[in-house]
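Working notes, structure below.
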Amino acid sequence: MRIIIVLSRSRGVPVLTRRLFPKSPSFIIHRTFNDSNGGLIMPGQLRGYDHLREPRLNKGLAFTLEERQSLGIHGLLPAQIRTLDEQLELCRLAFSRYKEDLHKYVYMVELHDRNEKLFFRLLTEDIERMMPIVYTPTVGLACQKFGFIFRRSVGLFVTINDRGHVYEVLKNWPEMDVRAIVVTDGERILGLGDLGAQGMGIPVGKLALYTALAGVKPHQCLPVVIDVGTNNEEFLQDPLYIGLKQKRVRGEEYDALIDEFMAAVVKRYGQNTLIQFEDFGNKNAFKFLDRYRNSYCTFNDDIQGTAAIVVAGLMASQKIVGRSMSEHKFLFLGAGEAAIGIADLLVRAMESDGIPEDQAQEKIWMFDKQGLLAKEREEGELEGHKIRYAKDKCPTKDFLEVVKKVQPSVLIGASAAAGAFNKDVLRTMADCNERPIIFALSNPTAMAECTAQEAYDFTDGRCLFASGSPFPPVEFNGKTFVTGQGNNAYVFPGVALGVIASGIHHISDDIFLKAAEVVANKVSEEDLSKGLLYPPLSSIKQCSIEIAVGVLEYAYQKGIASRYPEPEDKLALIKSHQYSFCYERSLPATWRWPQNHCKPQGTVKDPCLNDS
Ligand SMILES: NC(=O)C1=CN([C@@H]2O[C@H](COP(=O)(O)OP(=O)(O)OC[C@H]3O[C@@H](n4cnc5c(N)ncnc54)[C@H](OP(=O)(O)O)[C@@H]3O)[C@@H](O)[C@H]2O)C=CC1
Ligand SMILES: CC(=O)C(=O)O
Ligand SMILES: [Mg+2]
């Protein structure tokens, strides 16, 4: 009789062993070890050298002498031992020496690939400088050039050819404790259109913010691209394109793939796994939100996350403008995911102030490629989600004329129509409002409906302005305005952390209203006086934590949390779910200097001790 003993962390290995040796009884010792962040590591299976190759374990020159000795990597590193702070200083220097943003992006990707802790520490400590690189606007350029800068896989690609085997593909992802997935099919990447599989940069960037802003642990995050082809002709001809070179598959086959993906996620990682939909084309985005919102733990960031950040800005603006939500008139340029999502949450906010739904909808006008949404359009020309904002009559197909007729107090651009808020539009807003509110939400920067400078110049410095991608501070008449970033990045990381910590099964719109209130309450008089409708980016991490606590409170109040008992100290629970941005000790607790080994003299720095 043969006995095979399998020591494995993977559920797949014992199965494989049984298949290979069907007649032998195999004793499976399924033993796993957690690092202090909850990531699974297997000391018994790791060579010392792996600590240098595996980005999750690598500390570079920050390995202490003891660690180098005990891991058997002494001599594989030069003699210098650096602290985490010293490494960060060097990273900042290297980062700043790259002149091109795309080169900075590649530097960050390579750092991530080399030393995960250092990457996240750098990102989280200097979010104002790093966020425009790992996120909008540079991430848009990175997706366009993804084929050229692709180094190593950073997420999972599920293609239409994997139909029937999606669960097997998902099992190839090496992490077993995934709690959050950001998935795109690349059809509408920012305002750049169909970038197919190269849209992978977006889930990767969004999830980097999960960790950097809310402290969701990196090994719990999984970026996914669903590759069903692309209709981007340039990419189809480009030898560097990394995805399937075929036109997009649509219809039943596509829907079945997404259904299979959702079911596979639950099978592999459990029903509480959060699935964030990102940058799908709008018909699919609305369809999947409707289809899955009550059966999976899911939300659509472009529809719901964006809504929360715009409603937050409007709540904050009340302190200056003195108007409640229902006293505004809203005009949108664009009637897609972002615009409809914002409008729906605005209606909900007005309803909670006692305004009936139909009256709330009356205050909202929307303009798409064909003009103002009007009931008089031919049948079939108003998709389901647009109908509720259609007006009886369309005064004109000219946007400026609509601005003049409607005289909105709030103008919201979510169209990717660069420059559509031109001088005449902005001047008209200034003529009919003491403090016009202007959101140019489209990303990346080049797609914005107007620049910050234009907004202030053409409204005589009276507007309250926010944009989806960052603009530098603006001078007008001797005053400096700091422009706020109206971006869902203020919302989704905190919502995700709150959802993970409370174990919510389904995410309602009210959670996004709650998040909006939290963000609005963080805007100070001082922020508003500088022109900011949002807390400064320097407090976005605090904002994320407060949103997470707000979500947790809401979940227990409404009885939708699934983790019991309810924690008394909700902040402490949230913190217990967060990643540590400090190095862990890589020394086994029992390790001692060998007896015959003379401990080296001199100062031995311990990088774990001297960071905050
Ligand atoms: N700041 C933030 O946090 C976010 C910003 N965005 C940005 O918003 C933009 C739109 O995203 P999303 O709503 O998801 O995209 P969609 O494709 O869902 O919607 C775009 C909308 O804009 C309309 N549109 C396009 N061009 C024009 C034009 N020239 N004149 C009038 N309307 C036009 C389209 O009209 P039609 O319906 O007729 O096709 C459609 O209604 C993108 O740039 C995206 O990056 C998105 C999410 C979050
Ligand atoms: C910010 C974002 O989600 C978008 O532009 O699509
Ligand atoms: Mg998006």
Side-chain angles (χ1 to χ4, degrees), residues 131-132 135-137 139-140 143 182-195 199 201-203 205-206 209 276-287 289 299-313 331-344 365-373 377 381-387 389-390 397-400 402-403 412-422 425 439-449 466-471 483-493 512 519 533-534:
M131 204 164 115
Y135 193 57
T136 183
V139 72
C143 290
V182 176
V183 58
T184 187
D185 73 350
E187 190 175 2
R188 195 285 279 140
I189 294 297
L190 306 177
L192 301 169
D194 186 346
L195 301 187
I202 292 293
K206 293 269 174 184
L209 297 190
Q276 172 175 332
F277 277 69
E278 194 69 52
D279 291 10
F280 279 69
N282 74 33
K283 286 203 177 65
N284 290 324
F286 287 112
K287 181 174 68 189
L289 181 58
F299 71 96
N300 183 300
D301 183 40
D302 301 296
I303 300 172
Q304 296 165 289
T306 314
I309 194 59
V310 173
V311 170
L331 174 61
F332 287 79
L333 184 72
E337 295 169 58
I340 298 281
I342 297 163
D344 288 352
W365 282 260
M366 283 198 179
F367 194 98
D368 67 6
K369 280 186 198 146
Q370 296 180 58
L372 197 74
L373 301 193
R377 275 193 195 174
E381 281 188 1
L382 270 184
E383 292 109 6
H385 52 268
K386 289 181 179 175
I387 288 171
Y389 299 106
K397 288 198 184 295
D398 177 24
F399 187 61
L400 177 62
V402 173
V403 180
I412 301 175
S415 61
F421 295 170
N422 58 26
V425 166
F439 290 90
L441 296 176
S442 294
N443 297 316
T445 319
M447 296 296 163
E449 286 75 10
S467 55
S469 296
F471 279 105
T483 63
Q485 196 172 342
N487 194 295
N488 47 35
Y490 273 95
V491 173
F492 65 78
F512 290 93
V519 177
L533 286 177
Y534 297 109

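Order of listing sets the numbers, starting from 1, for every ligand and every atom in it. Sequence positions, counted from 1, serve as the residue numbers for this chain. Computed over heavy atoms, backbone and side chain alike; hydrogens, waters and symmetry mates excluded.
- Atom 1 (C) of ligand 2 has Asn443 ND2, 3.3 Å as its closest protein atom, hydrogens excluded (heavy atom only).
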Decide side chain to side chain contact (heavy atoms under 4.5 Å, CB included) for Met131 and Leu209; before the verdict, give the C-alpha distance in whole Å, the side-chain angles of both, and the deciding distance to 0.1 Å. CA-CA 8 Å; Met131 204 164 115; Leu209 297 190; 4.0 Å; yes

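- Protein N, O or S atom count below 2.8 Å of the Mg ion (ligand 3): the structure gives 3.
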Report the C-alpha separation of Asn284 and Phe277 in whole Å, then their side-chain angles, then the decisive distance to 0.1 Å, and conclude whether the side chain to side chain contact (heavy atoms under 4.5 Å, CB included) test is met. CA-CA 10 Å; Asn284 290 324; Phe277 277 69; over 6 Å; no

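- The shortest distance between side-chain heavy atoms of Glu383 and Lys283 falls below 4.5 Å.
- At a cut-off of 3.5 Å, with distance as the only test, no side-chain donor of Glu278 or Thr184 sits close to an acceptor on the other residue.
- With rounding to the nearest 0.5 Å, the separation of CD in Gln370 from CG in Leu382 is 8.0 Å.
- Near Tyr135, meaning under 4.0 Å from any of its heavy atoms, are these atoms of ligand 2: 1 (C).
- With respect to Asp279 and Lys206, no salt bridge is recorded, no charged nitrogen being found less than 4.0 Å from a carboxylate O.
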Show, in sequence, the C-alpha distance, side-chain angles and deciding distance for Phe421 and Phe399, and conclude whether the side chain to side chain contact (heavy atoms under 4.5 Å, CB included) test is met. CA-CA 9 Å; Phe421 295 170; Phe399 187 61; 3.9 Å; yes

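- Within 4.0 Å of ligand 1, protein heavy atoms come from Arg188, Leu190, Gly191, Asn282, Asp302, Thr306, Leu333, Gly334, Ala335, Gly336, Glu337, Ala338, Phe367, Asp368, Lys369, Lys386, Ala414, Ser415, Ala416, Ala417, Leu441, Ser442, Asn443, Gly468, Gly486, Asn487, Asn488.
- At under 3.5 Å, a nitrogen or oxygen of Asp302, whether backbone or side chain, sits near a nitrogen or oxygen of ligand 2.
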